[in-house]
Amino acid sequence: MASSGATRGPKQPINFSHQIHAGKLGLNCLYCHYGAEKSPISNIPPVSLCMGCHKMAVTDRPEIQKLTAYFDRGEQVPWVEVYSLPSHVKYNHKRHIKAGIQCATCHGPVQEMPVLYQYSSLKMGWCIKCHRENLDNPVNPATLDCVVCHH
């Protein structure tokens with residue numbers, strides 16, 4: 001896990017705050033992480049998406065100036081991974097979003113996090129517990145078939 005502590009995430013190249021963007025501003029997770037509902041993996045937003053607002057919003061702030069510099073150089077921000085699964089585990093964001101699982105179920109209250117950290121353990125037992133609780137879901141029942149996550 002890249003986290004430097006139970007509730008402290010890794011140092012990032014830009015001090016991005018989910019507390020501001022998801023909390024104070026109320027941005028929906030899928031606005032920035034649009035890949036989560038369309039593909040097995042979620043996306044880290046491209047710097048161009050950030051610049052959609054930050055070409056005009058709070059451009060005088062040092063962190064936004066760092067962001068702008070990446071954009072001007074045609075580079076993506078080299079974010080440090082926060083959530084990491086073993087290579088033998090395949091997690092499908094799209095399936096979970098389509099099943100109505102809320103982002104906070106796994107990622108926690110990101111709208112309260114000034115620095116993103118790994119909220120849940122993501123250990124097999126943690127995942128199995130959630131799958132067991134959703135086996136009888138009438139719309140999107142979960143499964144305990146090993147090949148769903150291990151393939």
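Nothing fancy with the numbering, it's 1 onward along the sequence.
Hydrophobic clustering, defined by side-chain heavy atoms of Ile, Leu, Val, Met, Phe, Trp and Tyr closer than 4.5 Å, groups M124 together with I128, L135, L144. Residues near V148 contribute nothing to a hydrophobic cluster around it, because no ILVMFWY side-chain heavy atom sits closer than 4.5 Å to its side chain.
Residue pairs that meet the salt bridge (charged side-chain N to carboxylate O under 4.0 Å, His left out) test with at least one member in residues 21-42, sequence neighbours left out, do not exist here. Judged as a salt bridge (charged side-chain N to carboxylate O under 4.0 Å, His left out), the pairs with a partner in residues 128-144 (not counting sequence neighbours) are, in order, K129-E133. Applying the salt bridge (charged side-chain N to carboxylate O under 4.0 Å, His left out) test to pairs two or more places apart or on separate chains, none has a residue in residues 88-101.
The closest donor-acceptor contact from the side chain of Q102 to the backbone of A104 lies at 3.5 Å or more, if one exists at all. In this structure, the side chain of Q111 does not engage the main chain of H18 through any donor-acceptor pair within 3.5 Å. A donor-acceptor pair is defined here as one N or O able to donate and one able to accept, closer than 3.5 Å; no such pair exists between the side chain of Q12 and the backbone of W79. No donor-acceptor distance shorter than 3.5 angstrom exists from the side chain of S42 to the backbone of G35, with no hydrogens or angles considered. Remark: side-chain polar atoms of N134 are not paired, donor with acceptor, to backbone N or O of N137 under 3.5 angstrom.
Other residues, nucleotides and ligands place no more than 12 heavy atoms under 6.0 Å from the CD1 atom of I41. Heavy atoms of other residues, nucleotides or ligands lying less than 6.0 angstrom from NZ of K55 number 12 at most.
For H33, the ring-ring contact (aromatic ring centres under 6.0 Å, His included) test picks out no residue, with sequence neighbours left out.
For the pair R73 and Y70, the cation-pi criterion (under 6.0 Å, within 45° of the ring axis) is fulfilled.
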